[in-house]
Amino acid sequence: MSGQSAELDDLREQLREARASEAKYRSIVENATEGIFQTNPQGSVLVSNPALARMLGFTSVEELLASELNLGALYTDVEQRLELQRRLAESGTISNLELQARGADGRHLWISLNCHAVMDESGGLYGIEGTAVDMTARKQAQDALAALNAELEQRIRDRTAELERRNADLKAFTYSVSHDLRAPLRAMAGFSEILLDEYNVQLDEKGRRYVERVKAASVRMGQLIDDVLQLSRVSGVEMRTQTVDLSGIARGVAAELTALDPARRVDFEIQDGIVAQADRQLIATVLENLLGNAWKFTAPHKHGRIDFVSKPSGPGVLECYVRDDGVGFDPTYKDTLFQPFRRLHSSEFAGTGVGLASVRRIVERHGGRTWAEGEVGKGATFHFTLALR
Amino acid sequence: MDSADGVEILLVEDSPDDVELTLHAFKDAKITNRVHIVRDGAEALDFLFARGPYANRDTTDWPKVILLDLKLPRVDGLEVLRQIRADHRTKLLPVVILTSSREERDIVEGYRLGVNSFIQKPVDFEQFAAAIRTLGLYWLVLNRPPQRAAA
Amino acid sequence: MSRRPPLSIQMQVDILLVEDDAEDNTLTLFALLKHQLTNKFHVARNGQEALDYVLCTGQYANRNITEQPHLILLDLNLQPMGGLEVLRRIRADPRTRTIPIVMLTASDEENDLLESYRLGVNSYIVKPVDFKQFKEAARLVAEYWLLLNRSPSRAA
């Protein structure tokens with residue numbers, strides 16, 4: 001009699017444990033936020049948790065099961081269903097398959113599906129079970145982001161195209177204006193010359209002087225046009241950055257300056273190995289202007305000296321300067337120097353004052369800075385910074 | 001009213017300033033060859049093909065060189081050149097384009113159409129005068145034109 | 001005096017001189033040009049070599065056909081292939097059709113003159129007998145075609 005009772009106790013114990021275990025698992029499934037399901041091989045739902053029911057637009061699991069829901073009916077794209085079936089047949093599992101569906105209440109859904117085929121003892125397909133996550137919100141956010149990106153990119157493309165068009169227009173305009181502006185200058189200079197040649201006798205001293213002034217004004221106008229052209233070119237031209245040997249360029253400029261006026265005695269101290277990331281043509285213009293200025297303003301000295309030096313100035317930044325021992329300038333004007341058409345030494349030294357403005361514009365386009373130091377009679381130093389890499 | 005006969009230089013130029021300066025440069029260079037000026041492409045063609053106001057021109061008589069500007073009213077320079085090269089009477093005549101244009105495509109097209117030489121008018125007056133002088137000496141004194149003009 | 005040109009401009013000029021060994025006059029031309037202007041020259045000793053150079057064939061097969069001289073000075077009386085034949089072949093190829101060519105000749109033969117223009121020569125010059133005039137002519141040719149004329153070559 002006691003044997004039977006022990007067995008009964010055992011059974012009751014096992015049943016209790018089983019129920020407890022089942023309750024544990026049931027709780028997990030019932031409370032899961034992902035949808036959990038089990039279907040037969042044809043897709044009819046056998047088991048569903050509340051999350052799945054909610055996801056698919058049912059008020060309860062009972063309603064879902066009562067509707068005899070077949071998951072296959074929910075697909076909006078039949079291709080996707082075929083894809084799922086194919087993959088399932090191939091490998092027996094599906095991971096993170098994104099599907100488009102329509103809920104029972106008509107709502108549009110994006111579902112991320114994980115499931116696997118359940119086999120019976122004989123190896124046949126028993127059913128399919130897995131989890132489904134509602135990723136509709138995430139998908140909508142992704143789509144919105146993609147659309148926004150596409151729109152932004154299109155706007156950038158449009159804007160770039162427009163800028164390029166405007167640039168091209170501006171270049172063509174500047175070019176033709178400067179060219180057309182020059183044509184009458186030829187007439188002014190030409191007829192002035194003819195006047196001086198052929199009407200020399202009829203013109204008195206004052207008359208000749210007036211004609212000379214017309215001629216000089218036309219020459220000056222030509223220079224102004226050149227300068228405006230240069231400034232516009234320097235601002236508008238496309239930059240092509242590469243590794244540039246500034247020392248080499250400086251040496252070339254120094255050689256040309258010397259060749260143009262071999263009678264002058266000027267010592268050039270050009271440091272070797274000054275290298276930076278820059279647009280070659282534009283940087284050449286910077287050095288031509290700075291060294292050309294230095295050359296010009298040391299002219300009154302019998303023996304001049306011009307240095308081109310570099311020193312490191314912080315990570316990735318190169319600082320260079322061109323120093324001369326020429327006539328210098330009043331440091332009060334150390335900033336206005338760089339403005340276009342600002343000249344501090346008027347008639348004594350030729351030039352219309354666009355060189356330093358060009359230098360500043362170019363260096364700024366490279367992300368650098370320019371500044372000047374000087375004293376009257378004690379020379380000048382012009383600094384600029386560039387990127388090393 | 002200058003006669004259209006015995007013309008050695010046909011100057012096709014619409015700018016009165018440039019015409020004046022060119023004539024002056026010829027004079028300074030002691031180039032005394034007869035110059036005839038036409039102000040646009042249509043008039044140039046009328047002259048060469050003895051049409052319209054030039055219907056009575058002596059067509060056994062051809063300029064040694066045609067100086068052709070490109071930007072011309074009515075018919076532009078390249079079209080004039082095309083027609084000159086298309087007609088057997090004029091196709092061998094030396095044509096020099098003398099223009100303020102700095103467009104690469106004008107140069108390429110000019111040569112493609114068979115121009116003998118292409119010169120960009122210097123903007124500087126002194127260089128302009130020197131260019132006219134060199135041009136004049138070259139085509140009027142040194143070069144042998146294809147037709148036998150009366151020596 | 002007009003404004004100084006920007007410092008970084010360099011002039012690149014190129015002449016192909018097709019010189020017959022027998023013509024020492026042309027040698028003088030060569031020497032004179034070399035003196036007057038700092039140009040890059042190439043000298044071809046006969047018509048075939050000139051064609052090989054211009055059309056990038058034979059010994060010049062590796063030359064870039066888009067890099068052409070600004071001027072070809074061609075002697076009419078080349079042997080065995082004459083100047084007219086060289087002219088004809090250069091003009092026949094669309095890649096070289098527009099290179100400026102000046103024909104130099106000792107003769108004032110009208111047939112050659114007309115034929116040269118028919119074949120598309122840019123200019124035809126009879127070499128002056130007088131040496132002083134010859135030098136003047138050489139200088140003018142160089143000045144005109146190298147300094148004044150704008151050639152269709154990309155290097156211009």
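A, B, ... follow the sequence lines: proteins, then strands. Residue 1 opens every chain. Just so we're clear, the structure is a prediction, and the values are computed from it rather than from any experiment.
For V115(B) against N122(C), the heavy-atom pair with the smallest separation is O-ND2, 3.9 Å. Across every non-hydrogen atom of L114(C) and P146(B), the tightest pair is CD2-O, 3.3 Å. Between W139(B) and S123(C), the closest heavy-atom pair is CH2-CB, 4.1 Å. The nearest pair of heavy atoms linking S117(B) to N149(C) is OG-OD1, 2.6 Å.
Residue E104(B) holds its CD atom at 6.0 Å from CZ of R150(C), rounded to the nearest 0.5 Å. For the atom pair CD (E143(C)) and CG (L135(B)), the distance works out to 12.0 Å, reported to the nearest 0.5 Å. With rounding to the nearest 0.5 angstrom, the CG atom of L147(C) is 11.0 Å from the CD1 atom of I119(B).
Residue V141(B): no heavy atom, backbone or side chain, is found under 4.5 Å from chain C. In this structure, chain C has heavy atoms under 4.5 Å from both the backbone and the side chain of L92(B).
Proximity to chain B among residues 95-103 of chain C is limited to R97(C), T98(C), P100(C), V102(C), judged by heavy-atom separations below 4.5 angstrom.
Among the candidates P122(B), G110(B), A131(B), the residue making the largest number of heavy-atom pairs closer than 4.5 Å to chain C is A131(B).
Ring orientation note: the planes of Y138(B) and W145(C) are nearly perpendicular, at an angle over 60° on the 30°/60° scale.
No more than 12 heavy atoms of other residues, nucleotides or ligands lie within 6.0 Å of NZ in K91(B), so this atom counts as exposed by the packing criterion. At most 12 heavy atoms of other shown residues, nucleotides or ligands fall within 6.0 angstrom of atom CG in N56(B). Annotation for R133(B): atom CZ does not count as buried by contact number, only 12 or fewer foreign heavy atoms lying within 6.0 Å.
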